[in-house]
Each structure stands twice: as C-alpha cells, then as structure tokens.
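Input: a single structure, listed below in structure tokens.
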Amino acid sequence: MSRLSIEPPNRAQTVLNSLNRDMERRINASQPGLCPVDMSLNFLRLCHAQTCGKCVPCRVGLNQLAVLVERVLDRTAALEDIDLIENTAQVIADSADCAIGYEAAHMVLEGVRGFREDYEEHVLHGRCICGLSHPVPCVSTCPAHVDIPGYVALVHEGRYEDAVRLIRKDNPFVSACAYVCEHPCESQCRRRMVDDAVNICGLKRYAVDHSQPMKAPARAESTGKTVAIIGGGPGGLTAAYYLSLMGHDVTVYEQRPKLGGMLRYGIPDYRLPQDVLDRDIAHILSAGIKVHTGVSIGKDLTMDEIQTSFDAVYIAIGAHNDKKLGLEGEDAQNVISAVALLRNVGDGEAPDFTGKRVCVVGGGNVSMDATRTALRLGAERVTCVYRRRVEDMTALAEEIEEAMAEGCQILPLQAPARIETDTEGKVAALWTRPQLIGAYGRDGRPRPGDADAKEFCIPCDYVIVAIGQAIEAQAFEKVGVTTSRGAIQADHTSSVPGVDNVFAGGDAVSGPATVIRAVAAGKVAAANIDNYLGFDHKISSEVEIPPAHFTNTPPCGRVNLKSHAHPDCQGDFSLVVEGMTQEEAHQESSRCLRCDHFGFGSFKGGRNTEW
C-alpha cells in the first residue's frame with residue numbers, strides 16, 4: 001500500500017468552485033437599493049458556513065446572530081433586539097479565535113451601526129426604507145442617470161442619431177464621455193451575473209462615431225431671466241446647455257482661450273482628439289449660449305459685478321491649480337506640475353523632453369496622462385513613482401496597462417523624500433523612501449509606512465508632480481462664498497449657503513473628479529437654478545425606445561476595445577484605442593438584459609423620461 005497518492009480533483013469541490021465564481025459575480029453586480037438588512041443576513045450565513053466551527057463564538061454565536069437578524073426581517077423582533085444584535089456581534093468579534101469569526105461579526109456590527117434606521121423600520125413597520133428614483137442598476141450608478149438600456153437598444157437597431165439624442169437628454173458631452181468616461185455604470189451591470197458587464201462605454205463611442213452632427217432641440221419660450229456661468233468646462237457648459245434650452249439667457253465666462261476646461265487642457269489628444277471635443281461644444285453652443293473667453297474673474301471682472309448683473313450665477317471653475325509635495329528641492333528648475341504640463345500641451349506650447357529622464361509622482365489618471373505624454377514628448381525614460389502598490393493606484397486599470405505597454409516604468413511603494421539638484425539649480429535626482437504596506441485605512445485601502453530600508457535614488461532631469469489639484473477662489477470669497485480645504489462650500493442642490501443667487505458645482509466643490517460627475521453637477525445646478533428663477537421646465541426626449549423581446553441570452557464573451565499602445569510612440573498623439581466594428585457593436589448590444597423592461601426595472605416603474 002502506498003504512503004501517498006495523487007488526489008484527483010474532487011467533483012463536488014469542482015462544482016462548488018464554479019458556484020463560488022458565480023456567487024462572486026452576483027455579489028459584484030448587486031445593484032444599489034437592495035435591502036441592507038436582508039443582504040447582511042445572507043452575508044452572515046455565508047460567513048457562518050465558511051468557519052471551522054471549532055470555537056463557541058463562531059459555532060454558536062454566529063448562528064444565534066443570524067436568528068436575531070431573521071427575526072427583524074420577520075417583524076417578530078422588538079426595538080430592544082437591535083441592541084441585542086449589536087452587543088452579540090461585539091462579543092463575538094472580541095472573543096472569536098481567529099480573524100474569520102471576527103470579520104463575520106464585525107460585518108454585522110458595521111451594518112447595525114451604519115444603517116440602524118433600516119433595522120428600526122423593519123421592526124416598526126415591516127418594510128424597507130431603501131429605494132431609488134432610478135431602479136435600473138446601470139442608470140442608477142451613472143452620476144448623470146443616462147438612459148443606458150435605451151441607447152444600447154437603439155445602437156442594436158442601428159439608430160445612432162436617436163441614441164445620441166437620448167444620451168443628450170442627460171449628458172450633452174456624449175462624444176467626450178464616449179472616449180474618456182470611467183464608466184461606473186458597468187460596475188453594477190446585471191449582465192455580470194451571467195458572464196461580464198456590457199461594454200456600455202464602447203457602444204456609446206460606436207454611436208457617436210457613426211452619427212451625423214445635430215443641432216440642439218428648440219429652446220423653450222424666453223423667460224427674460226439671465227444666468228452667468230463661470231467656467232467653460234464640462235460642468236459649466238452642461239448647466240449652460242440645459243438652462244438655455246429652458247429659455248433662460250445664458251452667458252459663459254471662460255478664463256482660457258478655448259472652451260472645454262480639463263477636457264481640452266487636461267486630457268491628451270491620444271485619448272480625446274480635439275475634433276471630438278469640438279463636436280460636443282458646437283452642439284452645446286447651438287442652443288444659443290453667449291461666450292466670453294479670456295476673461296478672468298477677479299481681474300477682468302469682479303464677482304460682485306457678475307452677481308449684480310445676472311439673476312443667477314453658477315461657479316464651475318474646476319480645479320486647475322496644482323498641489324505641492326512639500327519636499328526639499330521642490331523649487332528647483334524642471335520641477336513642474338502635471339496640470340501645467342498638460343495645459344501647455346493643450347495650448348500648443350509643449351516642452352521638449354528629447355533624451356531626458358523624467359520622474360512622475362502620483363498614481364491617478366492625471367499622473368498616467370503626464371507619464372504617457374512625457375514619452376510622446378521625447379523622454380528617454382519615464383518612471384512613475386507611487387507610495388502605494390500598483391493595485392492601489394486610482395488610475396483606470398487600462399490606463400496603467402497602456403502606460404506600461406508604451407515603456408513607462410511603474411515604481412510602487414516608494415514615497416518621495418527630497419529632490420536633489422545640480423550646481424545650476426536643476427533637478428538631478430529624486431530620492432524616495434521605500435514603503436511597507438500596512439493596515440487598512442478609512443478609504444478602504446491599506447496605508448503605506450516607511451520600511452526599514454535605505455533611501456532610493458532615481459537620477460532624472462525632470463520631476464512632474466501629479467498628487468492632486470486645488471481651486472483659486474479668492475475672487476469668490478470676497479462676496480461671501482466660503483471655502484474649506486480648497487473647495488467651495490455648496491449644498492446638494494448646488495446652492496451656496498449665505499450668498500443670494502450664487503450656485504456652485506463640479507470640481508470646485510467636490511475636488512478633482514471625473515467628467516461624468518462634472519456633467520451630473522451641471523445638470524443638478526440647471527434644474528435648481530431654473531426652480532430658483534421661478535420656473536419648472538422639463539428636459540425630455542421624444543426618442544422612441546425599441547421594445548424589449550424575450551430572447552435567450554447564453555453566456556457570451558465581452559467585446560473589448562483594441563489598444564494600439566506600443567513603445568515607439570514618440571511624437572505620436574494619434575488616438576490609441578480603436579472603436580468597435582459594426583459586427584462587434586451588434587453582438588455587444590445584444591448582450592444587454594434590458595433591465596428597464598424585465599424584472600426589477602419594470603417592477604419599479606421602468607425609465608424616467610424627463611427631469
């Protein structure tokens with residue numbers, strides 16, 4: 001008899017592993033609006049099944065905890081039982097033998113403290129208080145609440161102009177977002193329960209690439225009201241577009257020579273070609289908006305003059321100032337901010353990095369844009385230094401992959417320590433402190449700390465700083481606009497507290513964010529400025545959505561856009577990512593489950609046709 005034998009795969013375990021993958025997809029695709037108490041109970045049962053059952057807190061305690069939560073859902077619990085759930089979870093967390101039991105109890109503890117009102121609502125009224133005005137998951141998670149199933153169905157039917165019209169009901173920057181949107185909608189796509197999310201952003205791009213230019217819809221009757229928009233970026237122009245359609249007289253003041261904000265002066269042409277952006281802006285301006293470029297508020301015009309000359313003012317100045325590292329040597333020659341670099345490239349004043357060694361500090365999308373732009377400007381070597389791990393970088397995964405494919409070096413777990421200069425006061429090297437990844441912080445990411453290792457020297461000729469952006473708000477503070485931590489204080493309606501007729505939104509309020517969030521802020525501001533002026537105009541679309549059909553939707557691979565990133569990209573600012581073919585777009589659009597019609601979406605009322 002042999003002492004050892006090769007164990008064949010266990011059939012039951014193989015099937016269970018497949019079920020685990022299916023469950024992982026379902027959890028990842030959980031849409032907002034689900035009952036948090038019900039979800040907590042099911043997570044708790046899963047955790048209980050995963051424990052070894054050796055210690056009493058796990059074996060007995062987690063089961064009793066599940067019984068208590070189930071009583072809440074069955075409406076057989078009293079309010080005192082919520083305290084009992086909290087206390088029981090705390091005891092289990094404190095006494096479990098290992099982290100598995102602790103985490104299971106801690107999850108319940110976080111829930112009962114984080115959404116206690118949901119527990120109370122179940123006990124008192126037997127119902128859930130969670131709910132959404134946009135029941136379709138992809139629509140709900142899109143900040144602008146674009147009718148995604150609608151335009152995907154239109155793309156499938158080959159009605160590309162109608163698809164663009166439908167998107168513009170909620171987002172006038174349809175072309176720009178088709179190229180650079182971070183597509184948060186895909187994260188909650190219910191197709192992930194079957195295989196993978198629909199390539200929503202890719203289908204949007206196919207629609208805009210195959211549609212003809214269109215003029216803006218007819219404006220409502222003139223209201224006689226005037227609105228000033230300060231800032232010609234995506235947030236400001238979105239608000240201007242919808243307010244003009246509502247019949248208000250809108251004037252945009254922009255500091256730069258051209259409109260577009262960070263879309264023009266912060267995103268390189270290889271990601272967003274200028275003609276694509278100009279297509280959106282031309283459509284927006286066709287709504288009858290007045291524009292003044294090259295105007296700086298506080299220098300050419302005071303905020304007080306603007307405020308008294310217009311019935312309402314919307315501040316959408318973006319975040320164009322750079323943040324400093326606060327390091328020794330940061331004032332040396334050839335230390336530049338990523339914002340300034342990208343802005344100069346947008347202005348046609350790109351620096352010459354031919355044969356230079358460049359270090360970029362940061363891990364977000366701006367740092368990736370600066371990294372890849374430096375390569376195209378002739379840099380011999382570009383190193384991106386980041387104090388956390390690569391998987392902790394906030395840049396899009398595809399941006400990181402493309403940067404590495406083009407020859408950029410990512411150096412993780414290195415925190416900038418100081419900048420060494422030569423005898424002429426120019427950058428000679430960037431010194432970094434090696435980092436050790438540590439405990440998780442409030443942002444859900446593990447925090448780095450100094451490792452027990454020597455400082456690391458990276459010889460370089462330029463240091464590009466991409467660690468964040470700030471706003472320039474002195475001109476607005478003079479009229480009572482308050483700021484905190486480099487951002488304007490405004491409420492969720494975009495109104496600035498304590499200042500009559502002034503609204504603010506976008507990066508100026510939230511800090512640096514995404515294009516679609518700036519668009520969403522502009523949309524919110526337009527609706528509330530319209531109400532402030534005494535009106536209740538509605539923005540709608542007359543596009544008829546194709547009916548949904550009962551079809552078999554077996555698992556099918558997702559169509560991804562093809563990238564042409566390659567190391568030999570010096571001087572090449574042409575578009576890197578290729579759009580779909582007609583065949584690919586037709587197949588990908590057929591993968592949509594039409595949640596606006598079937599199941600959850602239909603039960604909750606389908607789509608919102610106006611706002």
Side-chain angles (χ1 to χ4, degrees), residues 18-35 38-39 42 130-160 162-164 166-167 169-171 177-178 181-207 516 541 543-561 580-609:
S18 176
L19 294 175
N20 286 339
R21 289 191 293 271
D22 292 342
M23 183 57 66
E24 181 182 8
R25 287 201 302 268
R26 283 185 168 271
I27 291 174
N28 289 335
S30 294
Q31 69 270 16
L34 297 178
C35 174
D38 193 14
M39 293 300 291
N42 285 282
C130 61
L132 294 168
S133 58
H134 302 275
V136 180
C138 58
V139 178
S140 176
T141 49
C142 171
H145 303 309
V146 174
D147 187 348
I148 293 166
Y151 79 71
V152 169
L154 290 165
V155 170
H156 190 70
E157 295 280 324
R159 295 165 55 189
Y160 309 125
D162 282 344
V164 172
L166 183 64
I167 297 170
K169 175 178 73 72
D170 302 286
N171 175 11
C177 283
C181 185
E182 292 197 333
H183 44 79
C185 51
E186 295 181 15
S187 66
Q188 301 297 325
C189 176
R190 290 171 67 85
R191 181 75 199 199
R192 296 180 69 180
M193 297 183 183
V194 180
D195 38 54
D196 201 354
V198 174
N199 192 337
I200 296 169
C201 197
L203 290 171
K204 185 192 304 177
R205 175 170 167 181
Y206 187 84
I516 191 62
S541 172
V543 175
E544 184 177 343
I545 309 299
H549 302 287
F550 286 99
T551 56
N552 184 26
T553 55
C556 176
R558 167 187 163 111
V559 174
N560 290 321
L561 302 188
M580 293 182 185
T581 64
Q582 194 277 334
E583 182 182 22
E584 290 173 330
H586 190 267
Q587 175 179 300
E588 190 64 13
S589 58
S590 70
R591 295 179 62 238
C592 179
L593 297 178
R594 290 300 302 269
C595 300
D596 58 318
H597 180 82
F598 297 111
F600 191 64
S602 179
F603 180 72
K604 291 288 187 177
R607 61 178 30 86
N608 290 340
T609 58

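- No side-chain donor-acceptor contact under 3.5 Å links Asp195 to the backbone of Gly557.
- A donor-acceptor pair is defined here as one N or O able to donate and one able to accept, closer than 3.5 Å; no such pair exists between the side chain of Arg26 and the backbone of Met193.
- To the nearest 0.5 Å, the span separating NZ on Lys169 from OG1 on Thr609 amounts to 7.0 Å.
- In this structure, the side chains of Met580 and Asn199 come closer than 4.5 Å at one or more pairs of heavy atoms.
- Using a distance-only test at 3.5 Å, with no hydrogens or angles considered, a donor-acceptor pair links the side chain of Glu186 to the main chain of Ile200.
- One distance of note links CG of Asn42 with CE of Met23; it measures 8.5 Å at 0.5 Å rounding.
- In this structure, Arg159 contributes its side chain and Glu544 its backbone to a donor-acceptor pair below 3.5 Å.
- One distance of note links CG of Asn608 with CG of Asp596; it measures 11.5 Å at 0.5 Å rounding.
- Expressed to the nearest 0.5 Å, how far CD of Gln188 lies from SG of Cys138 amounts to 10.0 Å.
- With sequence neighbours excluded, no residue forms a ring pair (Phe, Tyr, Trp, His ring centres under 6.0 Å) with Tyr151.
- Within the 3.5 Å criterion, the main-chain N or O of His549 finds no donor-acceptor partner in the side chain of Arg594.
- In this structure, Asp162 contributes its side chain and Val543 its backbone to no donor-acceptor pair below 3.5 Å.
- Side-chain atoms of Gln587 and Cys556, non-hydrogen and from C-beta on, do get closer than 4.5 Å to each other.
- Panel note: side chain Arg191, backbone Arg591; a donor-acceptor pair is recorded below 3.5 Å.
- Expressed to the nearest 0.5 Å, how far CD1 of Ile27 lies from CG of Asn20 amounts to 9.5 Å.
- One distance of note links CD1 of Ile516 with SG of Cys177; it measures 4.0 Å at 0.5 Å rounding.
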